[in-house]
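Below: the structure, in structure tokens.
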Amino acid sequence: MKTLLTEEQLREGIRRMAGEIQTHYQGKPLTLIGVLTGSIVLLADLVRLLDVALRVDMIQARCDHAKGVCLGPLVIDEDLLSYGVRGRHVLLVDDIFHTGHTLWDLVPQIDDLGPASVRTAVLFQKEGQCQVAMKPDFVGFTIPNAFVVGYGLDYRDRYRNLPCLAALEPGEMGEEPKA
Ligand code: IMP
Ligand code: MG
């Protein structure tokens, strides 16, 4: 495993991103919606850095199909949203923008709930991998195209608790997780 960004570098990038978000939403009713589960560490940082009135909510994106493979678009479990977002400015927060399909699927579904606006914030964007006609509005770091873990991101639900961002080597993937 190779460290790509240290805890200190992450802190600085998140502080800068929070500053941009704060400037953009000053005086507006803001709702941060985190996409479970990868966004939880970034979200916890953002809510403490933003000095604006805000609400926090979470959504779980899931595949709408019966068995294993994701065939159609991701759908959100709307029941998870505790407050409505009608008339509010929504910032959808995710850990990483890789191909972009996740946020591409989710943004219109949030839009259908009648918010004043929907924008997106991600901690990482992989360079040159975007396959959709959108880009995230707020980005912490652009990173090379590697499989990364830590700071909320997982490989088979492991490594979310690493305080830095690390790239897994090919030999570290594919094996069954140790208990
Ligand atoms: P996208 O839909 O291709 O943009 O991928 C976004 C989702 O895939 C993220 O929310 C992550 O859950 C997951 N993902 C993509 N790349 C990585 C990675 O390098 N490490 C961990 N999770 C990833
Ligand atoms: Mg995710």
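Read the numbers this way: they start at 1 and go in the same order the structure lists the ligands and their atoms. FYI, the numbering just counts along the sequence from 1.
With ligand atoms numbered from 1 in the order given, ligand 1 contributes 10 (O) to contacts under 4.0 Å with heavy atoms of Asp94. The Asp154 neighbourhood of ligand 1 comprises atoms 21 (C), with distances under 4.0 Å to a heavy atom of that residue.
Among Leu153, Val35, Ile96, the residue whose heavy atom lies closest to atom 14 (N) of ligand 1 is Ile96. Between atom 21 (C) of ligand 1 and the options Asp105, Val148, Leu165, the minimum heavy-atom separation is to Val148. For atom 9 (C) of ligand 1, the candidate residues are Thr102, Asp95, Ile143; the nearest heavy-atom contact is made by Asp95.
Under 3.5 Å, the side chains of Arg55 and Thr31 contain no donor-acceptor pair of N or O atoms.
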Distance-only check: which donor-acceptor pairs under 3.5 Å involve side-chain atoms of residues 1-8, not counting sequence neighbours?
| unit_1 | atom_1 | unit_2 | atom_2 | d |
| --- | --- | --- | --- | --- |
| Thr6 | OG1 | Gln9 | N | 3.2 |
| Thr6 | OG1 | Gln9 | OE1 | 3.3 |
| Glu8 | OE1 | Arg11 | NH1 | 2.8 |

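Aromatic ring orientation, Tyr25 versus Phe138: tilted (interplanar angle from 30° to 60°).
Counting non-hydrogen atoms of other residues, nucleotides and ligands closer than 6.0 Å to NZ of Lys135 gives a total of 12 or fewer.
For Ala146, the heavy-atom gap to ligand 1 drops under 4.0 angstrom. Using a non-hydrogen distance threshold of 4.0 Å, Lys126 registers as a contact of ligand 1. Using a 4.0 angstrom heavy-atom cutoff, Gly100 counts as in contact with ligand 1.
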Phe124/Phe97 under ring pair (Phe, Tyr, Trp, His ring centres under 6.0 Å): CA gap, chis, key distance, verdict
CA-CA 6 Å; Phe124 309 109; Phe97 189 100; over 10 Å; no

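For Asp112, the side chain to side chain contact (heavy atoms under 4.5 Å, CB included) criterion is met by no residue, not counting sequence neighbours.
Distance alone, capped at 3.5 Å, places no donor-acceptor pair between the Gln125 side chain and the Ile143 backbone.
Residue contacts with ligand 1, taken as heavy atom pairs separated by less than 4.0 Å, do not involve Gln129 at all.
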